[in-house]
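Comments concern the structure below.
Position 1 is the first residue of the sequence, and the numbers go up from there. If you're wondering where the values come from, they're calculated on a predicted model, not measured in any experiment.
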Amino acid sequence: MTVQTGQLSLVTGAGSGGDRAGLGELLAEAAGEVLVMSTGTDTAFQRIALANVRPGVRHKVLFPDSARMSGALNRMSRAGAEVRTDAEVPMDALVIDRTSVVLPAEGRQAGSAVFRLPGVVTATVGLFERIWQTAAPLVPLDLPEPENASILTCREQELLTLLFSGTTDESAAARLGVSVRTVRRMVADIMNRLGARSRFQAGAKAVDRGWLMAKAG
C-alpha cells in the first residue's frame, strides 16, 4: 500500500512482494526518464529498479566500478539503458521524470520513501549529473565485435602504456590531446574487451595478450 502525507509518501507492503508491486507501479508511471543511482549493494530496491527498464522511457543508470562486469548491468545496457560506472556512488536513489525521488526506507517498516519536494529532487538530480559527467560508459559485452577487436589502435596502445606506468587520467589526456572524459571512455572500452574488473586487472591481461609488449617492440 501507499501511505501519503503531502509531498512525501511511503510505499510499503506485506513483505518484499508488496513493496515490489508498489515500486513497480511507481516506475510504470514514468513518462520520459528514470535515473537510477546504486551503491552496488545487491538489494531488493536495486533489483526492482533494474527489472523495470522498458522501451519509450530513457533510463540512465549509475553504478560503482566494482559492479561493471555484472550480468545485470550488461542486460540493462542491451535493453537500451544508458549505463555508466564511477569509482564510488554515494547512495541508492531513483528519480522519476525529475519530479519524484525514491529512496529505500529504513527502519522496521520495509518499503520505499517517495519525495516530491522540489529541493530534494533538485539536490538528487544535481548529484546524479555531477557523477554522470565523468563516469565511464558501459558497452554491452555480447555485442558483435569487429574482426580486429583484439587489436589496439596506436592511440589505445599509447594510452594503455601511459596508464600502466602510473600516469593519471588528466596527464594521459594532455599527452594524447583528448579530454579526460575521452580517456575514461577509452579505458572503459579496453576493460570491456579484456573482460577486466579493474584497471590493474586490465593491465595484467594486456601484458598476457602482448598488447603492451607490442607497443614496446
Side-chain angles (χ1 to χ4, degrees), residues 33 35-42 46 50 58-78 80-93 95 123-143 145-146 148-217:
E33 181 187 65
L35 308 180
V36 180
M37 223 174 358
S38 175
T39 58
T41 305
D42 187 15
Q46 170 185 306
L50 302 192
R58 184 184 188 187
H59 284 74
K60 296 170 68 175
V61 181
L62 273 174
F63 265 72
D65 290 335
S66 59
R68 189 169 186 85
M69 302 304 295
S70 73
L73 290 191
N74 279 283
R75 286 192 295 273
M76 286 191 70
S77 187
R78 294 197 302 269
E82 300 172 54
V83 182
R84 295 186 182 185
T85 67
D86 201 25
E88 183 180 1
V89 178
M91 63 186 292
D92 293 298
V95 182
T124 307
V125 171
L127 175 62
F128 182 97
E129 294 294 355
R130 283 196 298 275
I131 301 173
W132 182 263
Q133 288 176 6
T134 57
L138 178 74
V139 179
L141 292 180
D142 69 345
L143 289 179
E145 293 185 338
N148 64 345
S150 62
I151 302 174
L152 293 181
T153 65
C154 292
R155 176 170 285 184
E156 287 174 331
Q157 284 187 347
E158 186 174 0
L159 171 61
L160 198 57
T161 301
L162 287 170
L163 296 179
F164 193 70
S165 65
T167 304
T168 64
D169 288 357
E170 291 75 11
S171 296
R175 177 78 173 269
L176 297 175
V178 299
S179 68
V180 175
R181 185 172 182 177
T182 296
V183 164
R184 289 172 178 164
R185 186 160 42 236
M186 290 169 64
V187 171
D189 180 61
I190 293 171
M191 287 176 63
N192 272 316
R193 286 153 64 186
L194 286 167
R197 294 178 179 270
S198 67
R199 292 190 178 194
F200 178 82
Q201 188 179 43
K205 290 192 173 189
V207 171
D208 289 341
R209 291 195 183 190
W211 286 5
L212 292 175
M213 290 174 60
K215 175 66 178 178

For [X] versus [Y], what's the shortest heavy-atom pair and its separation?
X	Y	result
Ala93	Thr124	CB-CG2, 4.2 Å
Val125	Leu35	CG2-CD1, 4.3 Å
Lys60	Phe128	O-CZ, 3.5 Å
Pro64	Thr39	CG-O, 3.2 Å
Ala188	Ala136	CB-CB, 3.8 Å
Arg84	Trp132	NH1-O, 2.7 Å

So, taking the atom named [atom1] in [X] and the one named [atom2] in [Y], what distance separates them when rounded to the nearest 0.5 Å?
X	Y	atom1	atom2	value
Thr167	Leu176	OG1	CG	9.5 Å
Ile190	Arg185	CD1	CZ	13.0 Å
Thr134	Asp169	OG1	CG	10.0 Å
Phe63	Asp92	CZ	CG	8.0 Å

The single option from Arg181, Arg175, Arg184 that satisfies salt bridge (charged side-chain N to carboxylate O under 4.0 Å, His left out) with Glu170 is Arg184
* Asked: Less than 4.5 Å apart, any side-chain heavy atom of Val183 and any of Leu159?
  -> yes
How about Ile131 and Pro90: do any of their side-chain heavy atoms sit closer than 4.5 Å? yes
Side-chain donor/acceptor of Asp65 to backbone N/O of Asp86, under 3.5 Å | yes
Which of Val61, Val95, Leu62 passes side-chain contact (heavy atoms from CB on, under 4.5 Å) with Met37? Answer is Leu62
